[in-house]
Amino acid sequence: MTVVIDTLSQPRPRHPEKANRPDTPILRKPDWIRVKAPVSKGYAATQAIVRENKLVTVCEEAGCPTIGECWDKKHATFMIMGDTCTRACAFCNVKTGLPGALDRTEPEHVAQAVAKLGLSHVVITSVDRDDLADGGADHFARTITAIRSVCPTTTIEILTPDFLRKDGALERVVAARPDVFNHNLETVPSRYLTVRPGARYFHSIRLLQRVKELDPAMFTKSGIMVGLGEERNEVLQLMDDLRSADVDFLTIGQYLQPSRKHHPVVRFVPPDEFKSYETIAYAKGFLMVSASPLTRSSHHAGDDFARMKAAREARA
């Protein structure tokens, strides 16, 4: 007798690599972290356009707390190259595993959605695609080109992986001329082994520095989360590292734990500490700083881009 075990129809865990980890407690959120549930008509309209074009957004996949506010204003951050990441960072809620093949029509679908939403500024990010020879660099470039052809006045901000060990990948993306090149450090170097084990802190710093070498006029941006066990002096040193790479824009937000299997929140940082970080970062020379408990990489990205441009022009 043959026994057949059906392993295909069972729902696959979102984070199989975390399944056997012990649960960690989830701290009660303080009052300053509260957000409203997304129920507005604007939210529903944005959701309909995303579904119609079969697109993935990091807003949904990463469980962003500001999705209601952003989608109500028809602001969405598109996540290209699928919904499955080849890495397994301890903080991230994006699904992990082996991704499927690239959708070659995706760049055009993203461009169409940008046009329907009437975006003056769009943010494009992606999962890590370590399975691809170029890490998805060409797909990023094709998406930028598609948006430019349909929406020539829309400014484009990209939030990329680190393209670790992918020769020529960064150069391909920069050649497509996005307006803002964002790559997040996520945390201080002492936390990398537990928080971002597949990445290398100084590789990410060098990546941002290399963007400026390739195109000095391109705006660069990076962001971190706090509340992961970092020390204040480490955050200040990270600011110096980013300024040594001539990074223009820094975002700092509170880490929020997606599940009991993810890295725990060590501490909820109060708003006055975020304000202190913002003041220090401006003093260190950043053109633009966004630091608050609910700050996320693409939160208010269009307005912040306009302010960053104005700050550069004022210094010229």
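We number each residue from 1, following the sequence as shown.
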Novice: Do Arg232 and Ser276 have side-chain atoms, one donor and one acceptor, less than 3.5 Å apart?
Specialist: yes
Novice: Any cation-pi pair here, Arg200 with Tyr192, using under 6.0 Å and within 45°?
Specialist: no
Novice: Before we go on, tell me: are the rings of Phe305 and Phe249 under 6.0 Å apart, centre to centre?
Specialist: no
Novice: Test of understanding: with salt bridge (Lys or Arg N to Asp or Glu O under 4.0 Å), list the residues that count as partners of Asp134, not counting sequence neighbours.
Specialist: none
Novice: Do Glu230 and Thr187 get their side chains close enough for a donor-acceptor pair, meaning under 3.5 Å?
Specialist: no
Novice: Answer yes or no: is there an ion pair linking Asp248 with Lys309, defined by an N-O contact shorter than 4.0 Å?
Specialist: no
Novice: Distance alone, cut at 3.5 Å: any donor-acceptor contact between the side chains of Thr155 and His121?
Specialist: yes
Novice: Would Arg206 and Asp162 pass as an ion pair if we require N to O under 4.0 Å?
Specialist: no
Novice: Look at Arg307 together with Asp304 and state whether they make a salt bridge at an N to O cut-off of under 4.0 Å.
Specialist: yes
Novice: Establish, from distance only, whether the side-chain atoms of Glu157 and Ser298 form a donor-acceptor pair under 3.5 Å.
Specialist: no
Novice: Is it the case that the ring center of Phe91 lies less than 6.0 angstrom away from the ring center of His263?
Specialist: no
Novice: Please determine whether side chain to side chain donor-acceptor pair (under 3.5 Å) holds for the pair Thr220 and Asp246, giving the CA-CA distance in whole Å, both sets of side-chain angles, and the decisive distance to 0.1 Å.
Specialist: CA-CA 8 Å; Thr220 51; Asp246 201 22; over 6 Å; no
Novice: Say whether Ser290 and Thr295, considering side chains only, have a donor N or O and an acceptor N or O under 3.5 Å apart.
Specialist: yes
Novice: Without hydrogens or angle criteria, can the side chains of Gln257 and Thr24 be said to hold a donor-acceptor pair below 3.5 Å?
Specialist: yes
Novice: Strictly below 4.0 Å, N to O, side chains only: are Glu231 and Arg191 in salt-bridge contact?
Specialist: no
Novice: Will you find, in the side chains of Thr86 and Asp130, an N or O donor that is under 3.5 Å from an N or O acceptor?
Specialist: yes
Novice: I'd like to know if the side chain of Gln237 pairs up with that of Asn233 as donor and acceptor (distance under 3.5 Å, no hydrogens or angles considered).
Specialist: no
